Amino acid sequence: MKSANAILSGYGMTIFEVMSRLAIEHKSVNLGQGFPDGNGPEDVRAAAHEALDDQPNQYPPMMGVPELRQAVAAHNKRFYGLDIDWQTETLVTSGATEALAACLFGLIEPGDEVVLIEPLYDSYLPIVRRAGAVPRLVRIEPPDWRLDEASLRAAFSDKTKLILFNTPMNPASKVFTRNELGLIAELCIAHDAFAVADEVYEHLVFDDREHIPIMTLPGMRERTARIGSAGKTFSLTGWKVGYITAAAEMLTPVTKAHQFLTFTTPPNLQRATAFGLGKDDAYFAGLAASMQRSRDRFAEGLRGLGFEIIDCGGTYFITVDIRSVGFNGGDVDFCKTLTTDAGVTAVPVSAFYGDEPPTHFARFSFCKEDATLDEAIRRMTAYFGRG
Ligand code: PMP
Ligand code: GLN
């Protein structure tokens with residue numbers, strides 16, 4: 001038999017699936033793969049039920065149902081003051097995962113360079129490489145996740161087609177500051193590059209931090225694709241409804257990729273997402289506030305166990321230094337042992353890096369009911385207490 005595509009064949013199963021399977025096998029409290037407890041807001045689900053029965057279920061328009069595209073434009077205006085033409089500047093995709101693939105396949109020419117910031121969400125590098133680009137990696141590391149200006153500058157060149165980055169950032173829980181975004185913008189403009197901004201955690205920002213879409217910075221409106229996800233904003237990760245906002249000229253080639261990747265996304269879920277994006281400000285503020293409460297509750301439990309915690313400004317992930325509880329092995333071993341012996345699952349942060357990753361950090365998801373978080377702490381207390 002002839003060999004399959006070498007780039008994709010070279011990758012193993014994603015860490016999220018690996019750890020979730022192990023968690024199921026060992027009946028552990030799964031704080032590995034990021035998915036909320038519970039079933040999402042009742043009114044959003046009700047809107048999906050109604051649309052399923054009362055609205056057409058045949059192929060919706062390739063760009064997305066008008067209600068959702070209008071809602072995406074209105075959401076951009078309400079939260080960020082962006083004036084978006086829903087007919088030419090919005091596109092609905094099957095999750096942010098497809099949005100990312102459509103942007104990369106639509107914009108990249110083989111041989112282009114793409115700047116990426118490690119740690120990386122799992123799909124970035126495989127798709128960038130499959131699209132034929134040369135990745136230029138800039139690394140940030142715990143505990144401070146500092147973006148080094150010189151390294152970022154050095155990664156850009158006249159071959160740079162785009163930068164792909166994520167704020168608030170998974171797994172770093174870092175919210176990019178206006179200064180950092182300003183530097184990225186300056187480099188994009190200087191090198192005539194695009195920015196693909198993965199902003200799926202836009203409504204999960206804590207304390208006094210602010211989510212700033214790079215698209216709102218001077219000179220970036222025409223060269224940014226901004227990606228959102230109903231999975232994160234409505235705690236419905238299985239729905240896989242994503243949305244892209246980009247200037248028409250940039251969105252057109254992305255649409256060409258989308259039409260051959262999935263073409264469209266279930267219409268009732270699109271309509272329910274439109275309903276969700278129209279919810280009042282209290283919903284969005286409440287989502288962040290309740291996640292922040294969960295962060296604080298879980299962080300306190302972790303601290304009580306002796307874990308050193310890395311600052312968490314956004315997303316629903318928290319990273320710990322595993323050496324602080326006396327674990328001398330690597331993070332992969334730690335996460336496996338914690339699953340099999342303590343009955344709690346985390347994911348190793350090394351999985352988010354390419355070569356020579358830091359190997360003593362683990363990521364826990366805290367998007368869970370109090371009882372789930374408390375049970376995880378109880379199990380770890382019993383385990384570490386055994387000494
Ligand atoms: N980007 C990041 C940073 C994520 O954490 C996720 C969550 N899985 C995605 C993209 C994909 O989102 P979706 O489930 O909407 O495809
Ligand atoms: N975004 C989720 C996480 O980081 C997982 C998504 C997936 O399983 N593909 O945990």
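Keep in mind it's a predicted model, so treat the numbers as computed, not measured. One-based numbering, in listed order, for ligands and for the atoms of each.
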Inset, instruction - May I ask you to list the atoms of ligand 1 that are less than 4.0 angstrom from any heavy atom of Asn166? - result: 3 (C)
Inset, instruction - Look at atom 7 (C) of ligand 2 and say which protein heavy atom is nearest, naming residue and atom and giving the distance to 0.1 Å. - result: Phe16 CD1, 3.6 Å
Legend entry - Protein contact of atom 8 (O) of ligand 2 - nearest heavy atom, named by residue and atom, plus distance: Gln33 NE2, 2.7 Å
Legend entry - Mode of Asn170 contact toward ligand 1 - side chain, backbone, both, neither (heavy atoms, under 4.0 Å): side chain
Inset, instruction - Heavy-atom distances under 4.0 Å are what count here, so tell me which part of Lys240 touches ligand 1: side chain, backbone, both or neither. - result: side chain
Inset, instruction - Please report which non-hydrogen protein atom sits nearest to atom 8 (N) of ligand 1, along with the residue it belongs to and the distance in Å to one decimal place. - result: Tyr121 OH, 2.8 Å
Legend entry - Structural part of Lys232 in contact with ligand 1, heavy atom criterion under 4.0 angstrom: side chain
Inset, instruction - Write out the residue and atom name of the closest protein heavy atom to atom 6 (C) of ligand 2, then the distance separating them to 0.1 Å. - result: Tyr121 OH, 3.2 Å
Legend entry - Backbone or side-chain N or O of Ala96 under 3.5 Å from ligand 1 N or O: yes
Inset, instruction - Please determine if Asp207 and Arg295 form a salt bridge, counting it only when a charged side-chain N lies under 4.0 Å from a carboxylate O. - result: yes
Legend entry - Proximal atoms of ligand 1 relative to Ser229 (non-hydrogen, under 4.0 Å): 13 (P), 15 (O)
Inset, instruction - Assess Gly231 for proximity to ligand 1: is some non-hydrogen atom of it under 4.0 Å away? - result: no
Legend entry - Minimum-distance protein heavy atom relative to atom 16 (O) of ligand 1: Thr97 OG1, 2.6 Å
Inset, instruction - Any chance you could lay out the side-chain hydrogen bond (donor to acceptor under 3.5 Å, both in side chains) test for Thr88 and Asp85, step after step, and finish with the verdict? - result: CA-CA 6 Å; Thr88 60; Asp85 175 2; 3.0 Å; yes
Inset, instruction - Taking only heavy atoms of Val200 into account, list the atoms of ligand 1 that are under 4.0 Å away from them. - result: 1 (N), 2 (C), 4 (C)
Inset, instruction - Run the numbers for me: atoms of ligand 1, each under 4.0 Å from some heavy atom of Tyr201, listed by number. - result: 3 (C), 4 (C), 5 (O), 7 (C)
Inset, instruction - For this output row, return yes or no: ring centroids of Phe334 and His360 closer than 6.0 angstrom. - result: no
Inset, instruction - Salt-bridge test for Arg78 and Asp281: reply yes if a basic N is under 4.0 Å from a carboxylate O, no otherwise. - result: yes
Inset, instruction - Say whether Arg363, considering both its backbone and side-chain N or O atoms, lies within less than 3.5 Å of an N or O atom on ligand 2. - result: yes
Inset, instruction - Starting from atom 10 (C) of ligand 1, find the nearest protein heavy-atom neighbour and note its residue, name and distance. - result: Asp198 OD2, 3.5 Å
Inset, instruction - Would you check whether Tyr124 has a nitrogen or oxygen atom less than 3.5 angstrom from a nitrogen or oxygen atom of ligand 1? - result: no
Inset, instruction - Would you mind listing which atoms of ligand 1 come within a distance below 4.0 Å of any non-hydrogen atom of Gly95? - result: 15 (O), 16 (O)
